[in-house]
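Just below is one structure, and these are the notes that go with it.
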Amino acid sequence: MRYFEEELERLKTQLLAMAAMVEAAIYRSITAVVQKDQTLAQSVLRDEARINQMEVEIDDLAIGLLALRQPMAGDLRLITAALKINTDLERMGDLAVNIAQRALSLLDAPSIKAMIDIPHISGLVQSMVRKSLDAFVHKDADLARSVLASDDAVDDLRSASNHELISFMEKNPQSIRQGVDLIAVVRNLERIADHSTNIAEDVLFLVKGVDVRHHAEMRQE
Amino acid sequence: MSTNVSTLQNLAIDMQKGVPMKPAAETSAKLVTTDLNFYYGKFKALHGISLSVPTGAVTALIGPSGCGKSTFLRTLNRMYETVPLTRAEGAILLDNEDLFAIELSALRRRVGMVFQRSNPFPKSIFDNVAYGLRVNGFANKATLQESVEQSLRRAALWDEVKDKLHESAYSLSGGQQQRLCIARALAVNPEALLLDEPCSALDPIATAKIEELILHLKRTCTIVIVTHNMQQAARVADYTGFFLLGKLIEFNATKIIFQTPAQKETEDYVTGRFG
């Protein structure tokens with residue numbers, strides 16, 4: 001393997017290590033909400049600094065490769081995709097922290113019926129995250145497209161969940177604080193799904209060389 | 001300038017779709033080759049090259065040594081005719097005119113050439129640039145002086161040589177000599193300029209000056225450049241063709257060639273995985 005290819009592998013490995021941390025943070029933050037687990041929520045807050053540090057290191061590595069290697073074609077697309085995925089992963093880490101903070105806020109609140117929607121939405125969102133990263137690892141355009149197709153379903157679930165929570169709060173004004181926390185949890189999940197969609201779009205650019213952002217009609221080609 | 005912008009845009013759109021450029025009489029191509037074969041004796045150096053060089057743009061030809069890119073360049077002003085036992089087959093059009101039917105000195109006036117190694121004549125700076133004009137019958141002193149100044153300005157050399165026009169061209173640096181050769185080629189107002197690795201012997205600063213010059217010249221002159229330096233092709237060319245073993249593997253907008261080439265051979269070459 002040429003030295004440059006080893007450097008590209010190192011970039012991918014670091015990005016995947018960061019992805020694993022972010023996936024774990026998302027899983028733990030949601031579990032902390034559902035199971036009211038303070039320790040898990042605090043572990044998400046603790047890992048944020050490490051994720052931020054990884055973002056800086058990956059940017060540094062990628063920009064160094066751009067400056068020193070002048071990559072072309074597939075190599076160029078890999079490095080630019082890595083830079084963008086890196087930013088998305090860091091944002092997803094932040095959103096997991098937001099969810100963990102809501103989990104801490106919800107520790108003492110009683111369980112309400114609307115919470116049963118959260119495992120459903122989070123299951124779909126975590127599946128999108130996993131598929132978008134698998135699509136990156138395996139350069140799988142079809143898998144990336146399947147992530148794009150899921151985004152609308154998450155939006156619909158968020159909308160339905162919001163209606164349910166608002167309705168619940170109208171009937172139970174004493175639970176408004178709890179309801180607001182849950183709306184925030186769902187909103188953060190929906191934004192994590194948006195970042196997974198961004199990653200899937202970056203994978204399509206990496207594999208096919210096409211930019212499908214803001215072009216829904218191109219997504220299925 | 002005769003560039004038909006809308007036609008060029010259409011060409012670019014076609015190329016975005018990955019459709020190879022087909023020679024077509026109505027395009028704004030300055031030079032069009034169709035099924036061009038070239039032989040050095042029995043050796044076939046070019047295999048059926050069909051390529052349109054868009055007017056008023058820079059077209060780069062890249063590929064490994066011996067791929068035929070320089071041979072192809074030399075067919076565009078029939079420079080090969082000085083080499084014994086060479087033969088070209090197929091068609092080349094210059095502005096829709098049969099290039100093989102154009103009288104040779106008229107062709108060389110219309111399609112100028114600059115080589116890898118600067119080759120100024122053993123004359124003064126002024127006389128180098130005036131040479132082509134004098135050969136073409138421009139004897140009027142005032143006209144000559146005006147044309148020489150204009151050519152040196154177009155070649156971005158005037159400010160550096162205006163006070164020593166009658167010194168030997170050999171007194172100039174390598175980069176200045178190369179720009180002098182470009183000025184000499186520009187003096188007869190060519191429609192197209194062929195550059196055969198014009199920066200390969202130059203340092204980065206002289207190279208940057210030539211590249212900047214190329215980007216300015218394309219407003220008035222169609223440029224075809226052969227280069228081994230892919231970053232140079234990426235910096236200066238609007239279109240790029242990749243040659244391999246005498247064949248044109250891929251021709252497209254430069255951005256596409258270096259970001260999303262369609263052919264695996266092109267991808268392997270531009271990413272350095274060739275061979």
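Side chains are part of it too, since the values below use all heavy atoms of this structure and drop only hydrogens, waters and symmetry mates. First the proteins, then the strands, lettered A, B, ... as listed; each starts at 1.
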Flag the pair A:Glu5 / B:Thr271 as yes when at least one side-chain heavy-atom distance between them is below 4.5 Å, and no otherwise.
-> no
For residues B:Pro261 and A:Arg77, report the shortest heavy-atom separation together with the two atoms involved.
->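 Closest approach of B:Pro261 to A:Arg77, heavy atoms only: CD-NH1, 4.4 Å.
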Among residues 58-73 of chain A, which residues come closer than 4.5 Å to chain B, judged by heavy atom distances?
-> A:Gln70, A:Met72, A:Ala73
A:Leu206 versus chain B, heavy atoms under 4.5 Å apart: side chain, backbone, both or neither?
->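 Answer is neither: A:Leu206 stays 4.5 Å or more from chain B.
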So does [X] have more than 12 non-hydrogen atoms from other groups sitting under 6.0 Å from [atom1]?
{"X": "A:His163", "atom1": "NE2", "result": "no"}
{"X": "B:Tyr40", "atom1": "OH", "result": "yes"}
{"X": "B:Lys44", "atom1": "NZ", "result": "yes"}

Side chain to side chain donor-acceptor pair (under 3.5 Å) against B:Glu212, all qualifying residues, sequence neighbours excluded |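 For B:Glu212 there are no side chain to side chain donor-acceptor pair (under 3.5 Å) partners, ignoring immediate neighbours.
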Gap separating the CD atom of B:Gln259 from the OG1 atom of A:Thr80, nearest 0.5 angstrom |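 If we round to the nearest 0.5 Å, B:Gln259:CD and A:Thr80:OG1 are 7.5 Å apart.
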